[in-house]
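Data first, discussion second: the structure below is written as structure tokens.
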Amino acid sequence: MNDENLRNEFKTWSKKLEVPPLPEDHQIRFAKRLRFKSKARMIPFWRWAALLLICIGLGSGVQFFSDEPQPEVIRFQKAEINLMNHIEEQLRQFESINSSESEYILKNSKKQLERLQQDYRQLYQSWESNSTQPQLIFSLITNLKIQMELLNELHNQLNTIQKPASNESL
């Protein structure tokens, strides 16, 4: 009985798997669809080709115009180089002064200057990633000016310390 049920199940399953017969005009319908799809495929090909040419043209145009830095950037870079050189020169001069009184002032000023230079580096990285913001250039120049003011203040303090020492020797 079990074999009989199993055979019946296989028969019903095989009937379900039978493919229905194709209609008489199936070849004609297939040929029409094939012609339509080949035409439809050619249209996107030309669209993609045109889009590719446009992208290449725009890319080369953007590259052509973006190579030249703006005049503000050039002026900023010149000012930055001058100010950084001046800061380094003054620091070397202050380090050459050896006195116990000036050592404490010099040490504290160097800490403040390091913080300012670290802020400057962070601002500079922000500017490099987004160079279209002019307020970042202004912030960079302001930071350099603050560094210069700190150095001028340090210079004045060292001068006031050295003047009484030179007056005492007279």
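For the numbers below, each heavy atom of this structure counts, side chains included, while hydrogens, waters and symmetry mates do not.
Shown here is Q27, whose CD atom has no more than 12 heavy atoms of other residues, nucleotides or ligands within 6.0 Å. E24 CD: 12 or fewer foreign heavy atoms inside a 6.0 Å radius. Open room surrounds CD1 on I28; 12 or fewer heavy atoms of other groups in view lie less than 6.0 Å from it.
The ring-ring contact (aromatic ring centres under 6.0 Å, His included) check on Y124 picks up W127, with sequence neighbours excluded. Not counting sequence neighbours, the partners of P23 by the side chain to side chain contact (heavy atoms under 4.5 Å, CB included) test are D25, H26, R29. Take R7 and apply the side chain to side chain contact (heavy atoms under 4.5 Å, CB included) test, not counting sequence neighbours, and it matches no residue. Applying the salt bridge (charged side-chain N to carboxylate O under 4.0 Å, His left out) criterion to K145, with sequence neighbours excluded, gives no partner residue.
Distance CD/Q135 to CG/L140: 11.0 Å, rounded to 0.5 Å.
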Which atom pairs, donor and acceptor, lie under 3.5 Å between side-chain atoms of residues 148-158 and protein residues at least two apart or in another chain?
| unit_1 | atom_1 | unit_2 | atom_2 | d |
| --- | --- | --- | --- | --- |
| N152 | ND2 | M148 | O | 3.4 |
| H155 | NE2 | N159 | ND2 | 3.0 |
| N156 | ND2 | N152 | O | 3.4 |

Expected list for residues 116-123: side-chain donor-acceptor pairs under 3.5 angstrom, two or more places apart:
| unit_1 | atom_1 | unit_2 | atom_2 | d |
| --- | --- | --- | --- | --- |
| Y120 | OH | E80 | OE2 | 2.4 |

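Using a 4.5 Å cut-off between side-chain heavy atoms of Ile, Leu, Val, Met, Phe, Trp and Tyr, with links allowed through other members, W13 and L6 fall into the same hydrophobic cluster.
Nearest approach of Q147 to N143, heavy atoms of both residues: NE2-OD1, 2.7 Å.
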